[in-house]
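Bear in mind that the values here come from a model prediction, so they are computed numbers and not experimental data. Only this structure's heavy atoms are used, side chains among them; waters, hydrogens and symmetry mates stay out.
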Number of protein chains: 2
Amino acid sequence: MSARNSADHGRDIPEATVARLPVYLRALTTLADQGTSTCSSEHLAAAVGVNSAKLRKDLSYLGSYGTRGVGYDVAYLRYQIAREIGLTQDWPVIVVGIGNLGQALASFSGFRSRGFRIVALLDADESRHGEVVSGLPVEPFDDLARIAREHGVAIGVIATPAHAAQDVADAMVDAGITSILNFAPSVLQVPEGVDVRKVDLSIELQILAYHEQRKLPVAADVDGVGEVSA
Amino acid sequence: MSARNSADHGRDIPEATVARLPVYLRALTTLADQGTSTCSSEHLAAAVGVNSAKLRKDLSYLGSYGTRGVGYDVAYLRYQIAREIGLTQDWPVIVVGIGNLGQALASFSGFRSRGFRIVALLDADESRHGEVVSGLPVEPFDDLARIAREHGVAIGVIATPAHAAQDVADAMVDAGITSILNFAPSVLQVPEGVDVRKVDLSIELQILAYHEQRKLPVAADVDGVGEVSA
DNA sequence: TAGATTGTTAATCGATTAACAATC
DNA sequence: TAGATTGTTAATCGATTAACAATC
């Protein structure tokens with residue numbers, strides 16, 4: 001009953017699928033680098049650690065880029081995924097907060113090779129201004145709006161302490177930035193239409209700790225102490 | 001029909017809930033620091049940006065720690081969540097790979113305050129050995145097993161380049177580490193019983209780019225180019 | 001043609017959320 | 001008691017996966 005035709009492709013891709021497309025893309029790049037020209041869903045799924053049915057379902061949201069009985073052309077599928085994500089274009093990015101993490105981000109080569117180009121590093125600390133980090137000068141935070149507009153920046157990265165993060169987000173939104181990657185351990189309030197993704201190092205460790213804690217105690221279903229002597 | 005009693009608490013908490021508990025914990029810490037002693041699910045939910053029904057359902061997996069008509073005692077709920085996650089104990093952690101990211105991790109104060117203690121920094125590069133980073137000496141990667149056992153390390157962080165990550169993971173598993181936080185852009189193969197969480201900076205940016213790409217083109221349902229002039 | 005593999009269906013599973021009885 | 005808020009139910013929604021017809 002649902003009138004799905006070829007023109008629908010690229011619309012309404014489930015979030016869970018969107019989050020996996022970059023993983024597939026990376027695996028395809030690895031395969032291409034190894035000289036592999038064709039691969040099956042089974043092969044690619046094994047490389048990224050997912051169920052092959054899930055992989056095929058994910059790819060089906062993009063279109064029919066495989067050949068039954070044969071598999072997928074690595075270069076072709078790779079291009080289609082890159083196009084779908086928007087990596088065939090260049091994304092100027094600014095980073096606010098040049099502490100240890102900000103410097104690590106500034107020097108991270110993985111961004112550049114995937115279509116992301118850091119065009120400016122900003123910090124509120126005057127004593128840092130003019131300092132060159134990974135080839136870019138540290139500029140005043142107050143110049144955010146001007147810099148963002150000059151470079152057509154749509155994506156901003158927050159690498160400040162938690163207490164500054166909301167102010168930075170507000171300034172980014174004012175400057176027309178509509179996608180924010182937040183490394184500060186704080187919840188950002190942003191208007192509708194602005195996407196925020198959060199990377200939180202200590203939350204990741206806490207999730208691991210939760211599972212780790214369940215591994216150590218004995219399996220018996222008692223309300224025991226469950227502590228092991230140090 | 002399901003015989004759920006109070007002794008069940010702390011078992012079978014859904015993954016989605018586990019991932020949110022650290023967020024609740026942080027919000028409760030903020031409230032406590034502000035001197036707030038009681039809060040409603042509505043209030044706490046607003047602070048972390050979730051539906052209050054979801055918050056109450058999440059908390060219900062831990063037990064009944066609220067008071068109808070009143071809300072939650074901030075300090076008490078905070079303790080209960082911390083206990084559930086396992087943050088009432090100390091987690092020794094090692095970091096392998098002392099590049100920019102590894103140094104940022106080593107100096108990140110957020111770990112220590114949440115019960116995680118970095119006990120060693122390791123790197124395969126001999127020229128770095130002995131160098132002191134954030135008060136810890138960089139030690140040889142080959143000493144991983146000894147160091148991990150000496151400190152009872154259960155959680156390891158991989159901050160190496162992608163090509164080294166699998167070897168590091170293998171060594172960690174051999175050394176008895178059963179939880180790994182992987183910052184390298186590679187898929188790790190680990191035996192059952194070992195948890196891996198992955199933080200991938202460029203994947204986060206790619207997910208943002210996907211959504212950003214859908215914002216820019218005009219809404220019309222045409223197969224147009226959708227490119228804006230630079 | 002026979003074998004292989006995709007793309008899709010449909011069943012299942014897990015997560016979200018509105019609504020409300022329980023109860024402070 | 002009246003008002004407020006929890007803890008839980010049940011409906012809904014979205015994601016996963018086995019199975020298989022389509023088809024190269």
Side-chain angles (χ1 to χ4, degrees), chain A residues 1-6 8-21 23-24 28 31 36-74 76-78 80-81 84 207, chain B residues 1-6 8-21 23-24 28 31 36-74 76-78 80-81 84 207:
Chain A
M1 215 55 71
S2 78
R4 176 161 294 193
N5 60 47
S6 65
D8 278 334
H9 292 142
R11 318 222 173 256
D12 285 3
I13 299 183
E15 263 310 299
T17 296
V18 170
R20 283 187 294 265
L21 290 180
V23 184
Y24 301 152
L28 288 166
L31 287 175
T36 307
S37 60
T38 293
C39 73
S40 67
S41 63
E42 201 68 55
H43 184 189
L44 185 55
V48 301
V50 303
N51 183 301
S52 70
K54 187 193 284 185
L55 170 65
R56 289 196 301 277
K57 184 121 183 80
D58 283 342
L59 296 183
S60 75
Y61 292 111
L62 313 192
S64 293
Y65 297 133
T67 305
R68 289 169 201 240
V70 177
Y72 300 91
D73 181 277
V74 170
Y76 181 60
L77 182 58
R78 185 183 167 206
Q80 292 299 339
I81 294 178
E84 192 68 37
I207 295 169
Chain B
M1 215 54 73
S2 79
R4 176 163 296 195
N5 61 47
S6 64
D8 279 333
H9 293 140
R11 319 221 174 255
D12 284 1
I13 298 182
E15 263 310 299
T17 297
V18 170
R20 283 187 295 266
L21 291 179
V23 184
Y24 301 153
L28 288 165
L31 287 175
T36 307
S37 61
T38 293
C39 74
S40 68
S41 63
E42 202 68 55
H43 183 188
L44 184 55
V48 301
V50 302
N51 183 301
S52 70
K54 187 194 282 186
L55 171 65
R56 289 197 299 279
K57 185 121 183 78
D58 283 342
L59 296 182
S60 76
Y61 292 111
L62 313 191
S64 293
Y65 297 133
T67 307
R68 289 167 201 240
V70 178
Y72 300 90
D73 182 275
V74 170
Y76 181 60
L77 182 58
R78 185 182 167 208
Q80 292 299 339
I81 294 178
E84 191 69 36
I207 295 169

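Closest of all the heavy-atom pairs between A:T38 and A:V74 is N-CG2, 3.8 Å. Closest approach of B:Y72 and B:S40 over heavy atoms only: CD1-C, 4.4 Å. Between B:C39 and B:L28 the shortest heavy-atom distance is SG-CD2, 4.4 Å. Taking all atoms of both residues into account, the shortest heavy-atom contact from A:L62 to A:Y65 is O-OH, 3.3 Å. Taking each heavy atom of B:L31 and B:L44 in turn, the nearest pair found is CD1-CD1, 4.1 Å.
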*Evaluate the side chain to side chain contact (heavy atoms under 4.5 Å, CB included) criterion for residues A:D73 and A:T67: first the C-alpha distance (whole Å), next the side-chain angles of each, then the deciding distance (0.1 Å), finally the verdict.*
CA-CA 8 Å; A:D73 181 277; A:T67 305; over 6 Å; no
*Between B:E84 and B:I13, does a side chain to side chain contact (heavy atoms under 4.5 Å, CB included) hold up when you go through it step by step?*
CA-CA 10 Å; B:E84 191 69 36; B:I13 298 182; 3.4 Å; yes
_Pair B:V50, B:Y24 - check side chain to side chain contact (heavy atoms under 4.5 Å, CB included), show working._
CA-CA 10 Å; B:V50 302; B:Y24 301 153; 4.1 Å; yes
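Following rounding to the nearest Å, B:L62 (CG) and D:dT8 (P) show an atom-to-atom distance of 12 Å. Put simply, CD1 on A:I13 is 12 Å from P on D:dA15, counting in whole angstrom units. Atom CG of B:N51 is separated from atom P of D:dC13 by 15 Å (rounded to the nearest Å). Whole-Å rounding puts the B:E42 CD to C:dT17 C1' distance at 13 Å. Between A:Y61 atom OH and C:dT8 atom P the separation is 11 Å, expressed in whole Å. As a whole-Å value, the separation of B:D12 CG from C:dC13 P is 15 Å. A:K54 places its NZ atom 13 Å from the P atom of C:dG14, with the value rounded to the nearest Å. Atom P of nucleotide C:dG7 and atom CG of A:L44 are separated by 12 Å, given to the nearest angstrom.
Closest to the side chain of B:A16, from the set D:dT8, C:dT16, C:dA18, is C:dT16. Distances from the side chain of B:S60 to the nucleotides D:dA15, D:dT16, D:dG7 place D:dG7 closest. Here D:dT6 is the nucleotide among D:dT17, D:dG7, D:dT6 with the atom lying nearest to any side-chain atom of B:S40.
Remark: A:S52 engages A:E42, A:R56 in a side chain to side chain donor-acceptor pair (under 3.5 Å) (not counting sequence neighbours).
At the phosphate of D:dG7, OP1 or OP2 sits under 4.0 Å from a side-chain N or O atom of B:Y72. The phosphate of C:dT6 has OP1 or OP2 within less than 4.0 Å of a side-chain N or O from A:S41.
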*Determine which bases of DNA chain C form Watson-Crick or G-U wobble pairs with both distances under 3.5 Å, and write the result as a 5' to 3' dot-bracket string with | for other-strand partners.*
..||||||||||||||||||||||
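Comparing A:K57 and A:T67 along DNA chain C, the residue whose closest nucleotide (by nearest heavy atom) sits nearer the 5' end is A:T67. In terms of position along DNA chain D, the nucleotide closest to B:C39 lies nearer the 5' end than the nucleotide closest to the other residue of the pair B:C39 and A:D58.
In this structure, CG in B:D12 is found 11.5 Å from OG1 in B:T17, a value given to the nearest 0.5 Å.
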Every protein N/O within reach of nucleotides 19-21 of chain C N/O, cut-off under 3.5 Å:
from: C:dA19; atom 1: N6; to: B:R56; atom 2: NH2; distance (Å): 3.4

